[in-house]
2 protein chains.
Amino acid sequence: MSGVSPLTLNRLSLYLRCLQELGAEGVARISSTELAERFGLSASQIRKDLAQFGEFGIRGVGYEIVPLRSRLRSLLGLDRERGLVIVGVGSLGTALVRFPGFNRDGYRVVGLADSDPRLVGRMVDGKTVEPVAALGALVRRTGATLGVLAVPSAAAQGAYETLAAAGIGAVLNFAPTQIRALPGVPVKTVDLRIHLEELGFLMERPREGGRS
Amino acid sequence: MSGVSPLTLNRLSLYLRCLQELGAEGVARISSTELAERFGLSASQIRKDLAQFGEFGIRGVGYEIVPLRSRLRSLLGLDRERGLVIVGVGSLGTALVRFPGFNRDGYRVVGLADSDPRLVGRMVDGKTVEPVAALGALVRRTGATLGVLAVPSAAAQGAYETLAAAGIGAVLNFAPTQIRALPGVPVKTVDLRIHLEELGFLMERPREGGRS
DNA sequence: AGATGTGAATGAGTTCACAGCT
DNA sequence: AGCTGTGAACTCATTCACATCT
C-alpha cells in the first residue's frame with residue numbers, strides 16, 4: 001500500500017488545502033463535483049484518489065469536510081511535528097527560513113548551517129547559523145527529520161551525504177543538479193530555473209489568435 | 001507540432017544543462033547511452049525526446065555537443081533575452097531577484113513591484129521597487145515578457161490579471177493558490193510546501209535499515 | 001561495428017460510465 | 001434522486017527492439 005504515485009500525492013496536498021479553505025468558510029460537506037468546479041479539478045479523479053485510502057464519502061451526499069481533512073492530514077504525516085534543517089543561508093536559504101509554508105502545520109525550521117565562516121554565528125529569524133562541519137550534531141540535537149539544500153550545485157552532493165549520515169529522513173534540494181541518492185534517504189530536486197524555461201517555450205507562439 | 005509535453009520539455013532543459021557541463025569539460029561528442037549513464041537518465045528517452053525536433057545525432061557516432069546545445073537553446077527560446085518582473089518583494093521575492101537562475105542565459109530580472117508603501121522606492125539588487133499600481137507601466141517600460149508572483153495567495157489572482165492586461169507573456173506563481181488563467185497567458189504554479197509534504201509521505205517508514 | 005531514429009509493446013495515469021449505497 | 005466507488009476504455013508516456021545509416 002506504499003505504492004502511491006507522486007502525482008496522486010501532490011493532489012492530496014492540494015485537496016487538503018481546498019478543504020482547509022472550505023472549512024474556514026464554514027462549509028460542512030461537499031460533493032466531488034462541486035469541489036472540482038470550485039477549484040478547477042477533475043471530479044472523477046478526486047474520487048479515485050480518495051478511494052485509494054478507504055471510503056471517505058457518503059453516497060448520495062458527498063464528503064464531510066472535517067473528518068476527511070484530518071484523515072488527509074494524518075495520511076500526509078502532518079499530524080506529527082517535523083523539524084527542518086536548512087543548509088545554505090544565502091538569499092534563497094534565508095527566504096526559506098521565514099517561508100510560511102515551511103513553518104506551519106507539521107513543519108518547522110529548527111536549524112541552520114552554512115559553510116561560510118562569515119555567516120556562522122549570525123541569527124536568522126531567531127535561529128543561529130551553525131558551521132556545516134557541525135551538521136551531524138545539529139541534526140541529532142534538534143531531531144530534524146528533513147533537510148533542505150540551498151547551497152551551490154558543487155556543494156550539494158556533499159551536504160546531502162552529511163545529512164544522510166546524520167540520520168535525516170529525506171532531503172529537498174534546490175541546487176540545479178542531480179543528487180545520487182542513498183538508499184532510505186529520498187531526495188527531491190526543485191529546479192526553479194526549469195519552470196522559467198517551460199514558460200518560455202509555451203510563450204513561443206506569439207501570433208496565433210492574437211488580438212489585432 | 002506545438003504539442004510538446006511538459007515532461008519532455010523539462011527534460012530538454014535538463015539535457016541542455018548536462019551538455020553545458022560536458023562542454024565545459026571539453027567533451028566534443030557523446031552517445032545517448034553515455035549521457036544517460038553519466039547523469040542518471042534513460043538513453044532511449046533521450047533519443048526519442050531529441051528526435052521530435054529533427055535528426056541531431058550521427059548514427060554510429062553520437063551527438064555533437066556544440067550544435068546540439070545551441071539547437072536546444074534556441075528551441076527553449078534562450079537565445080533571445082527575456083525580462084522578468086517580480087511582484088512581491090518580501091523574503092521570497094527578494095531572494096528571487098538575486099537568484100542566479102533568474103539572471104542568466106536568456107533571463108534577467110528587470111523590474112520589481114510591491115503593494116506595501118514601505119517597500120516602494122527601496123532598491124533591491126540595483127532595481128527600484130515600484131508600486132503595484134504602476135505595474136502596467138513597468139511592464140511596458142522594461143519590455144518584460146515574464147511575470148513572477150511572490151505575493152500572498154489573496155493577492156495572486158489580481159496581480160496575475162494586471163500582468164496579463166499589461167501584455168505579459170506568461171506568469172510563474174509562487175503563491176499556493178490556483179490561478180484562473182486567461183487565454184494566451186499561461187501560468188505555472190510552483191508550490192514549495194507541496195514538495196515537503198511529498199517527502200514527508202515518502203519518509204513514512206521510519207525504522208528500516210536505520211543506522212545504529 | 002556502433003549508435004541513431006522509430007514503430008511496436010508495455011506501462012502509467014486519466015476519464016468514462018454505471019452499479020450500488022443513502 | 002443523488003453521489004460515491006470502481007471496473008473498463010482510453011489517452012499519454014516510457015521502454016524495447018530493430019531497421020537504418022555512418
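Computed from a predicted model, the values in this text were never measured in an experiment. In what follows, every chain begins at residue 1, and chains take the letters A, B, ... in the order their sequences are listed.
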Less than 3.5 Å apart, any donor N or O on the side chain of A/Y160 or A/N173 sitting next to an acceptor on the other?
no
With a 4.5 Å heavy-atom cut-off, do A/R108 and A/L84 have their side chains touching?
no
Is there a side-chain contact between A/I179 and A/V171 in this structure, where contact means two heavy atoms from C-beta onward sitting under 4.5 Å apart?
no
Starting from P on C/dG13, measure out to CG on A/L9 and report it in whole angstrom.
12 Å
Is A/T8 touching bases, backbone alone, or none of the nucleic acid, heavy atoms closer than 4.0 Å?
nothing
For residues B/V148 and B/V87, determine if any side-chain heavy atom of one lies less than 4.5 Å from a side-chain heavy atom of the other.
no
Classify the nucleic acid contact of A/S42 as base, sugar-phosphate or nothing, counting any heavy atom under 4.0 Å across all strands shown.
sugar-phosphate
By nearest-heavy-atom nucleotide on DNA chain C, the more 5' of B/S44 and A/V61 is B/S44
Rounded distance (Å) that lies between atom P of C/dT14 and atom CD of A/Q52:
10 Å
B/S32 has a side chain; which of C/dT4, D/dA13, D/dT22 sits nearest to it?
C/dT4
Quick one: does B/K48 reach the base of D/dT14 with a side-chain donor-acceptor pair under 3.5 Å?
no
Can you tell me how far P of D/dG5 sits from CD of A/Q45, to the nearest Å?
15 Å
Can you say whether the rings of A/F201 and B/F53 are parallel (under 30°), tilted (30 to 60°) or perpendicular (over 60°)?
perpendicular
Between atom CZ in B/R29 and atom P in C/dT4, what is the gap in whole Å?
12 Å
If you check every side-chain atom of A/R59, which of C/dG20, C/dG7, D/dT14 has the closest atom?
C/dG20
Assign B/R11 to base, sugar-phosphate, or nothing according to its heavy-atom contacts below 4.0 angstrom with the strands shown.
sugar-phosphate
For D/dG5, does OP1 or OP2 lie under 4.0 Å from any side-chain N or O of A/Y63?
yes
Counting any heavy atom closer than 4.0 Å, what does A/L50 reach on the DNA or RNA strands: base, sugar-phosphate only, or nothing?
nothing
Separation of D/dC3 P from A/L68 CG (nearest whole Å):
17 Å
Atom-to-atom span, CZ of A/F56 to C1' of C/dT22 - whole angstrom:
19 Å
Return the value, rounded to whole Å, for the distance between atom CG of B/L7 and atom P of D/dT15.
12 Å
Whole-Å distance between C/dG20 C1' and A/I58 CD1?
16 Å
Looking at B/R47, I'd like to know whether one of its side-chain N or O atoms comes within less than 4.0 Å of OP1 or OP2 on C/dT4.
yes
